Protein chains: 2
Amino acid sequence: MERVTMADVAREAGVSKSTVSQYLNKRYEYMGEKTKQKIEEAIETLGYQPNFLARSLKQKRTSLIGIIVANITHYFSTEVSRAIEDFFHQYDLQAIVCNADDDPEKEKKYIEMLRAKQVDGLIIFPTGKNNALYESMVKQNYPVVFVDRKVENRDVYTVITDNTESTYKAIQYFIKKGHQNIAFAVQPLTVSTRIDRLEGYKKALTDAGLEVNPDFIVEGSIAEMKGKLEQLFSLDVKPTALFAANDRVFITLGEFIKEKGIKFGEDLDVVVFDNIPFSQMLETSLSFIIQPAAEMGRKAAELLYQQIQKENQEPEVFVFPSKMM
Amino acid sequence: MERVTMADVAREAGVSKSTVSQYLNKRYEYMGEKTKQKIEEAIETLGYQPNFLARSLKQKRTSLIGIIVANITHYFSTEVSRAIEDFFHQYDLQAIVCNADDDPEKEKKYIEMLRAKQVDGLIIFPTGKNNALYESMVKQNYPVVFVDRKVENRDVYTVITDNTESTYKAIQYFIKKGHQNIAFAVQPLTVSTRIDRLEGYKKALTDAGLEVNPDFIVEGSIAEMKGKLEQLFSLDVKPTALFAANDRVFITLGEFIKEKGIKFGEDLDVVVFDNIPFSQMLETSLSFIIQPAAEMGRKAAELLYQQIQKENQEPEVFVFPSKMM
DNA sequence: CCGGTTTAGTAAATCGGTTTATCTAACTGC
DNA sequence: GCAGTTAGATAAACCGATTTACTAAACCGG
């Protein structure tokens, strides 16, 4: 693993390091044809491969961007990440994907480490709990885009879906179908998506003249979820429809329902807020609220790229509409 | 974005760069208590954050490893990647995930670029078509592990599943259930997994005294797949069971089947070779061959880590058993 | 043939750290 | 009181590129 450096190439070709550098950067303006050839040959015979680290140090660009997802097992996150990667591929920028596991400590650690590694920008699915850190990045004019969730700080480019509105419509759809007892299952209300979806649920009920029954709102971690569903379905008045606030809730629901012998469509109408792979193969009675993950990823990537290129506009929140299927 | 450097800290604390460096690397052996404190303060007031790039350049370690997956939309790949990330997290190594899209050219580009970025090692789902490149990495003693697919070169650590055996068993299961006309759908036979699975299929049939009917082997790209399925199901003797060689084939099959009104379980028994998220929510009549993705990822990561630490053993191929569900 | 321009190439500084060899002052013991 | 340690800190080289300022030779018109 005796690495070949530019100096070696220069020696082999009988020119200076500077000239080799010019060659590699295709600044041929004042370069003799024979010199060019000599360098080419030297590179070939030595099997030289440039060291991007050294270059990055000098140029203060790494051509690396960081993606910090809240939960990598969430299909939506992978779809967004993929779109981001695709976008940056055309500019020869690579993405590093890190998984914060919805843990603010982990998130902090990753942000700091990616910045220490000098990545050119960051796309974050924020936990929302590191406001001081977010603030400092904005203040330093460091390229950042938030995806999926809003945070308090308004001076950051943000790409989200219309959580409240699409939940509202889904609940409206339940009501139109005649449902009176509609439940809502959600993980702890720590991030904006969950809060917004719950808001849409409540608003839809209220607007339809139905009362919001707190017993029908199941809030808890995935670990607690089954127990709470148990409670929900042992109420005197059982729900006939249920809104699952994301895919992980849905999985738990699926297990629960299988155990209890409850049938989707017949006993219980369900809408899931999330993109699910293979959803076309699932029972047709289920509905899904699909977020335009690819477009959102693309938009986030564009916004980040603009910042990296210093073509900053005013920070803005971009809201994408979801579709119910 | 006026970055604070070590020199600034040194000036602020009234010591030399070297001392600051010692401090940061926790080499306190000969360091006065007051010096330590002064540096600590200086770092605090300036908000200094070290530049890992510079450190990596000198130390020739980036604490970055690369993962090149053949297809990032493949659920199995993301599971493996996640396990790899988890493993390396404990050693403060980050993973860069790149998507080669089963394109040897792209794969080559990524390998070269990741090496240029000086990543400490590579875990690859190989296309199998860049043998010269693989060879050169091995020869240079560069840490590499192959996952999911074998390549010709035997001197590389490789982690795979028992493709042939588990397919064999699945087909045997079909036969025991009484099926005589068993079809096999697969993407082009360009990588070892597909070839090995087909081999298992053929062997199971032959061993059971059934003949291998070439009409029942559907081989083609995802784009062609539907047309070929059409042909398959317009044969005089139609298959009553089908083996889908991976999840992408299965998706296409699902679409096809829905259009035709064929029913899983009743008209057609199906086994899918692959881990599918939410498979527990799909029709119970389907069977899946599940690869132990997490363990495989972990093993691959361990093997890479050993190489990075220069604790090399003899390269070996590790075969994990799959389970049918 | 001479001053100015163009062409081709280079020396040296730089990026921000790590590391090695060295230095000084205080401390030992005899 | 002096050689030998040792604790504490530093100067300078180094990692492998980029980039700026500079030089030397060729060229060119009047």
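None of the values given here were measured: they were computed from a predicted structure. Lettering of chains follows the sequences in order, A, B, ..., and the numbering in each one begins at 1.
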All salt bridge (charged side-chain N to carboxylate O under 4.0 Å, His left out) counterparts of K109(A), not counting sequence neighbours: D92(B)
Y48(A) side-chain N/O to dA17(D) phosphate OP1/OP2 under 4.0 Å: yes
Partners meeting salt bridge (charged side-chain N to carboxylate O under 4.0 Å, His left out) with R55(A) (sequence neighbours left out): none
Spacing between R115(B) atom CZ and dG16(D) atom P, to the nearest angstrom: 14 Å
For K38(A), salt bridge (charged side-chain N to carboxylate O under 4.0 Å, His left out) partners two or more places apart: none
Y75(B)/Y75(A) aromatic ring centres below 6.0 Å: no
K117(B) NZ - dA17(D) C1' separation (whole Å): 15 Å
Watson-Crick or G-U pairs under 3.5 Å in DNA chain D, rendered as dot-bracket with [ ] for crossing pairs and | for another strand: ||||||||||||||||||||||||||||||
Euclidean distance, atom OH of residue Y28(A) to atom P of dT7(C) [Å, nearest integer]: 18 Å
N or O in side chain of S21(B) less than 4.0 angstrom from dT18(C) OP1/OP2: yes
Whole-Å distance separating the CZ atom of R3(B) from the P atom of dG17(C): 8 Å
Atom-to-atom span, CG of L57(B) to C1' of dC15(C) - whole angstrom: 9 Å
Carboxylate-amine/guanidinium contact R61(A) D120(A), below 4.0 Å: no
Interatomic distance, Q118(A) CD vs dG17(C) P [rounded to whole Å]: 8 Å
Touch class at under 4.0 angstrom, heavy-atom based, for R27(A) against every strand present: sugar-phosphate
Q307(B) side-chain N/O to V144(B) backbone N/O, donor-acceptor pair under 3.5 Å: yes
Distance below 4.0 Å between N51(A) side-chain N/O and dC15(D) OP1 or OP2: no
Value rounded to 0.5 Å, distance of OG1 in T161(A) from CD in Q291(A): 3.5 Å
Rounded distance (Å) that lies between atom P of dT19(C) and atom NZ of K60(B): 12 Å
Value in whole Å for how far the P atom of dG17(C) lies from CZ of F52(B): 11 Å
Protein proximity profile, nucleotides 9-14 of chain D - base contact B, sugar-phosphate-only contact S, no contact -, cut-off 4.0 Å on heavy atoms: SBBB-B
Out of dT19(D), dG17(C), dA17(D), whichever nucleotide has its closest atom nearest the side chain of M6(A): dA17(D)
All side-chain contact (heavy atoms from CB on, under 4.5 Å) counterparts of Q309(A), not counting sequence neighbours: Y305(A), E311(A)
Minimum heavy-atom distance T78(A)-I72(A), with the two atoms named: CG2-O, 3.4 Å
